[in-house]
Amino acid sequence: MPSRKRLRRPFYRRNALQVARDLLGRVLCRRLSDGQVLRARIVEVEAYDGRADRASHAHRGRTPRNLPMFEAGGIAYVYLVYGMHHCFNVVTGDRGSPAAVLLRATEPPAAGEPASGPGRLCRAFRIGRDESGCSLLGREVWLEEGSPVGDRRVKRTPRIGVSYAGDWARRPYRFVIRNHGDASGPRRLR
DNA sequence: GGTGCGATTGCA
DNA sequence: GCAATCGCACCA
């Protein structure tokens with residue numbers, strides 16, 4: 001039985017790679033306007049670690065859009081890509097060191113519809129830009145301990161869709177639960 | 001004020 | 001393989 005204890009502030013105030021690894025098996029929770037709560041287990045994430053990371057929105061410095069990334073860990077960073085899809089990130093680390101973890105897939109059927117891929121995940125959880133900057137310790141969006149996964153079940157690969165990032169594109173900053181069918185991405189990199 | 005493109009998705 | 005679709009970063 002997965003734990004429903006909420007992840008607390010110290011969980012988020014660590015390095016993005018540590019948080020990313022540790023987010024696998026945790027449970028993303030979302031309270032809808034009608035009171036219903038959606039829950040689903042996280043199976044795929046990517047770390048975006050600091051200003052030096054050429055794949056990160058923080059690489060070009062702080063802007064109104066990426067402001068949440070520069071805050072202390074434990075809040076959301078949500079943005080619109082390709083004019084139509086949202087991406088949900090968990091902000092990590094300390095204030096002033098921009099870092100976040102992109103949630104790329106959860107396993108159904110908890111959320112009711114497919115949540116494989118960052119855009120679909122946001123659609124399934126009704127997460128949009130209104131949620132950017134919101135606390136992950138509050139009543140709208142939060143994470144629960146769930147069932148952490150052991151090292152043998154964690155696979156690392158390069159991140160998806162960041163080929164412009166030079167050397168950083170090759171770093172193994174994507175974490176997936178090994179052999180999990182709901183991971184996203186071209187040819188379902190496992 | 002103009003321009004180019006993206007941490008994606010779905011369909012041909 | 002590629003169109004959809006628009007906020008925003010960047011340059012002028």
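In what follows, chains carry the letters A, B, and so on, assigned in the order in which the sequence lines appear, proteins first and then strands, with residues in each chain numbered from 1. Bear in mind that the values here come from a model prediction, so they are computed numbers and not experimental data. Heavy atoms only: backbone and side chains are in, while hydrogens, waters and symmetry mates are out.
Using the Watson-Crick or G-U wobble rule with both distances under 3.5 Å, C:dC2 pairs with B:dG10.
A:R65 has its CZ atom 12 Å from the P atom of B:dG6, to the nearest Å. Atom P of nucleotide C:dC8 and atom NE2 of A:H86 are separated by 11 Å, given to the nearest angstrom. One interatomic measurement links the two molecules: CG of A:L67 to C1' of C:dC8, which rounds to 15 Å at whole-angstrom precision. For the pair A:M69 CE and C:dA9 P, the computed distance is 12 Å after rounding to whole Å. For the pair A:Y79 OH and C:dA9 P, the interatomic distance rounds to 13 Å; values are reported in whole Å. For the pair A:Y82 OH and C:dC2 P, the interatomic distance rounds to 15 Å; values are reported in whole Å. Atom-to-atom, CG of A:L103 to P of B:dT8 comes out at 13 Å; the value is rounded to the nearest Å. Distance A:H59 NE2 to C:dC8 C1': 17 Å, rounded to the nearest Å.
For C:dT5 and B:dG2, the P atoms lie 22 Å apart once the distance is rounded to whole Å.
The side chain of A:L102 sits closest to B:dA7 out of B:dA7, C:dA9, C:dG7. Side-chain atoms of A:Y164 lie closest to B:dA7 of the nucleotides B:dT8, B:dA7, B:dG10. When distances run from any side-chain atom of A:M84 to the nucleotides C:dT5, B:dA7, B:dG10, the shortest one goes to C:dT5. Side chain of A:R60, nearest nucleotide from B:dA7, C:dA4, C:dA9: C:dA9. Which of C:dA4, B:dT8, B:dG10 sits closest to the side chain of A:R120 comes down to B:dG10.
Under the side chain to side chain contact (heavy atoms under 4.5 Å, CB included) test applied with A:R104, the options A:I160, A:L121, A:I42, A:V45 reduce to a single match, A:I160.
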### Message
Working note: A:R171 + A:D53, criterion salt bridge (charged side-chain N to carboxylate O under 4.0 Å, His left out); need CA distance, chi angles, decisive distance, verdict.
### Response
CA-CA 10 Å; A:R171 297 201 179 199; A:D53 183 351; over 6 Å; no
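Phosphate proximity of B:dT9 to A:R123: absent, as no side-chain N or O sits under 4.0 Å from OP1 or OP2.
A salt bridge does not link A:R31 to A:E140: none of the charged side-chain nitrogens sits closer than 4.0 Å to a carboxylate oxygen. For the pair A:R21 and A:D151, the salt-bridge criterion is met [side-chain N within less than 4.0 Å of a carboxylate O].
Evaluation of A:Y48 against the base of B:dA7 yields a stacking contact (centre distance < 5.5 Å, interplanar angle < 30°).
Geometrically, A:R65 engages A:Y79 in a cation-pi contact, judged by NZ or CZ lying under 6.0 Å from the ring centre and within 45° of the ring axis.
Looking at heavy-atom distances under 4.0 Å, A:R129 makes contact with sugar-phosphate atoms alone, never a base.
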